[in-house]
Amino acid sequence: MNSYLDIYRPLLLWYKNNQSRSLMPWRKTKDPYKIWVSEIMLQQTQIARAAPFYNRWIEKFPSIKSVARAPEDKILKMWAGLGYYRRATNFHKACAFLFKEHHAKFPTSIAAFRELPGVGDYISSAVFSIAFNEPIPVYDVNVNRVASRLFELNTTRLASKKKAISLLSKMVTESKNARDFNQAIMDFGRTVCTINSPKCHNCIISKKCQGFINSNIMKFPIIKKKPQKPHYRVVVAFIWKKGKILVNKRPPEKMLGGMWEFPGGKIKTNETPEEALHREIMEEFSILINIEKPVDRFTHTYSHFSIDIEGYKCKYVSGKISQESNMPYKWLHPHQLSSLPFPSASEKFFNKLI
Ligand code: DGT
């Protein structure tokens, strides 16, 4: 049988000498709840950016119970700045479920953990291997890069990706140290086996690396071309009535669900921003407004699209709000806006409204 000793042993040694617990506070714990929090944050956020959020989160919400008991607005507000808010609402739901059905205890099996909202392959393998040393490999972009170079695998093909995972699985099992191996290979991919300038001449496993031996390092990993992101024009209204501004909560099933926003929406082709605003406000609230003047505009990029968002100062004229979607709404003094979770794109308008 092929042994992977020459790969996992140097990686484990490298990890022992190179990991930085102070930059990654989650590495000081084996508490599965805390590791879960860190892995959710790290899925879309860089380490240096995630660390202060993690520390604040753990201070405010030290347990599953504390998350379950918090209102959604508090959860989203604490998440503000990290983006990808679905992660926070799913985490909230998952903790609420564990609190209600399992006395707020962390699941004892990976299968039960995977049933929870927002818990997929990556999160489940990461948390169970790091917290409990379960022999399961993790597979993120960094691991993909290392594995595809080591074995010259085109991991855009499912069969080759499965092969990479099975090879990693052998290493994890043989090493008997999934906890460190998984973190080692992720760190190694991020800092040594990097995308554009891999440090092959100082690499501790280059002798075992097919990509290096065959001078093919830069051919791997093979990446599927992403389709171009669509771009939308969005218009929002700051509807004033007696010194207050109208805001509403986004429906839970939509992107940025559960966050507060200024009324408005996408501008359709052939529509002016003003026409779009009148249409949106009528559709969503059945009220009449006067559009007074443009306030500001910004560009914002999300994972799958980007927007130009422009805001208009408006005045409430008449009509009783009858919201088609029954979503909550509020009239707020401008200085109250920052107490609620808003998408970053709309927060950019706050200082123009005070
Ligand atoms: P839809 O209507 O199915 O296309 O989906 P929505 O509701 O996600 O899109 P819409 O028409 O409300 O477009 C607004 C986009 O702008 C949406 O992706 C969220 C983003 N956005 C960020 N901040 C705000 C805000 O304060 N108000 C509104 N209306 N949208 C905001």
Side-chain angles (χ1 to χ4, degrees), residues 44 72-73 75-77 79-90 227-241 244-316 321-354:
Q44 316 276 359
E72 190 181 69
D73 275 355
I75 296 287
L76 287 169
K77 193 70 199 154
W79 202 265
L82 280 170
Y84 300 92
Y85 292 91
R86 184 79 68 212
R87 297 183 292 175
T89 47
N90 276 334
Q228 250 206 335
K229 286 183 187 184
H231 184 79
Y232 302 109
R233 281 182 71 198
V234 172
V235 62
V236 294
F238 312 117
I239 305 173
W240 289 85
K241 184 180 154 190
K244 292 183 177 177
I245 298 175
L246 180 63
V247 298
N248 66 285
K249 205 172 194 185
R250 286 181 67 80
E253 70 285 358
K254 284 198 171 177
M255 188 196 146
L256 305 168
M259 304 200 82
W260 291 83
E261 67 172 10
F262 297 110
K266 297 190 187 84
I267 305 176
K268 293 185 178 165
T269 333
N270 300 330
E271 242 182 359
T272 64
E274 289 85 352
E275 284 164 350
L277 256 195
H278 281 300
R279 175 181 54 72
E280 287 279 349
I281 304 306
M282 205 22 114
E283 275 171 18
E284 288 177 10
F285 297 95
S286 313
I287 57 170
L288 271 181
I289 56 166
N290 240 346
I291 301 175
E292 296 191 337
K293 59 172 187 182
V295 173
D296 212 340
R297 61 192 298 165
F298 302 100
T299 301
H300 196 83
T301 304
Y302 294 104
S303 56
H304 298 301
F305 62 94
S306 57
I307 58 170
D308 256 336
I309 182 165
E310 46 198 297
Y312 283 78
K313 182 176 183 204
C314 304
K315 213 162 136 187
Y316 165 83
I321 292 183
S322 77
Q323 249 192 331
E324 50 154 29
S325 58
N326 289 327
M327 283 306 288
Y329 68 88
K330 292 182 189 212
W331 292 94
L332 291 182
H333 282 295
H335 65 262
Q336 294 173 305
L337 290 169
S338 59
S339 66
L340 291 177
F342 273 81
S344 333
S346 21
E347 274 181 342
K348 291 178 187 163
F349 291 105
F350 284 5
N351 62 5
K352 303 273 169 177
L353 303 172
I354 292 170

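Order of listing sets the numbers, starting from 1, for every ligand and every atom in it.
Atoms of ligand 1 lying under 4.0 Å from at least one heavy atom of Ile309, given by number and element, are 23 (N), 24 (C). Distances below 4.0 Å separate heavy atoms of Phe262 from the following atoms of ligand 1: 25 (C), 26 (O), 27 (N), 28 (C), 29 (N). Of all atoms in ligand 1, listed by their number and element, those nearer than 4.0 Å to a heavy atom of Gly264 are 29 (N). Distances below 4.0 Å separate heavy atoms of Val234 from the following atoms of ligand 1: 14 (C), 15 (C), 16 (O). The Phe305 neighbourhood of ligand 1 comprises atoms 18 (O), with distances under 4.0 Å to a heavy atom of that residue.
Scanning the protein for heavy atoms near atom 23 (N) of ligand 1, the closest one is Ser346 OG, 3.2 Å. Looking at atom 8 (O) of ligand 1, its nearest protein heavy atom turns out to be Arg250 NH2, 2.5 Å. Here the protein heavy atom with the shortest distance to atom 3 (O) of ligand 1 is Lys254 NZ, 3.9 Å.
Sparse packing is recorded around NZ of Lys352, with 12 or fewer heavy atoms of other residues, nucleotides or ligands lying under 6.0 Å away. Other residues, nucleotides and ligands contribute at most 12 non-hydrogen atoms within 6.0 Å of the CD atom of Gln228.
Between Asp73 and Lys249 there is a salt bridge, since a side-chain N of the basic residue sits under 4.0 Å from a carboxylate O of the acidic one.
Using a 4.0 Å cutoff on heavy atoms, Phe342 does not count as a contact of ligand 1. The closest approach between any non-hydrogen atom of Tyr302 and ligand 1 is below 4.0 Å. Under a 4.0 angstrom heavy-atom cut-off, His300 registers as lying outside contact with ligand 1. Judged by the shortest distance from any of its heavy atoms, Val247 lies outside the 4.0 Å radius around the atoms of ligand 1.
Taking every heavy atom of both residues into account, Arg86 and Glu253 meet most closely at NH2-O, 3.3 Å.
Considering Glu261, Lys348, Arg233 only, the shortest heavy-atom separation from atom 28 (C) of ligand 1 involves Glu261.
Under the 3.5 Å distance criterion, the side-chain polar atoms of Lys229 are matched with a main-chain donor or acceptor of Tyr302. Arg279 places no side-chain N or O within 3.5 Å of a backbone atom of Glu271 that could act as its donor or acceptor partner. Using a distance-only test at 3.5 Å, with no hydrogens or angles considered, no donor-acceptor pair links the side chain of Arg297 to the main chain of Val235.
Of the polar atoms of Val235, none of the N or O atoms is found under 3.5 Å from an N or O of ligand 1, judged by distance alone. Residue Glu280 has no nitrogen or oxygen atom sitting less than 3.5 Å from a nitrogen or oxygen atom of ligand 1, judged on distance alone.
Evaluated for a side chain to side chain contact (heavy atoms under 4.5 Å, CB included) with Leu246, the options Trp240, Phe238, Phe285 yield exactly one hit, Phe285. A side chain to side chain contact (heavy atoms under 4.5 Å, CB included) with Cys314 holds for exactly one of Asn290, Leu277, Ile281; it is Leu277.
Of the heavy atoms in Lys266, both backbone and side-chain atoms come closer than 4.0 Å to ligand 1.
Counting heavy atoms from C-beta outward, His300 and Val234 have side chains that stay 4.5 Å or more apart.
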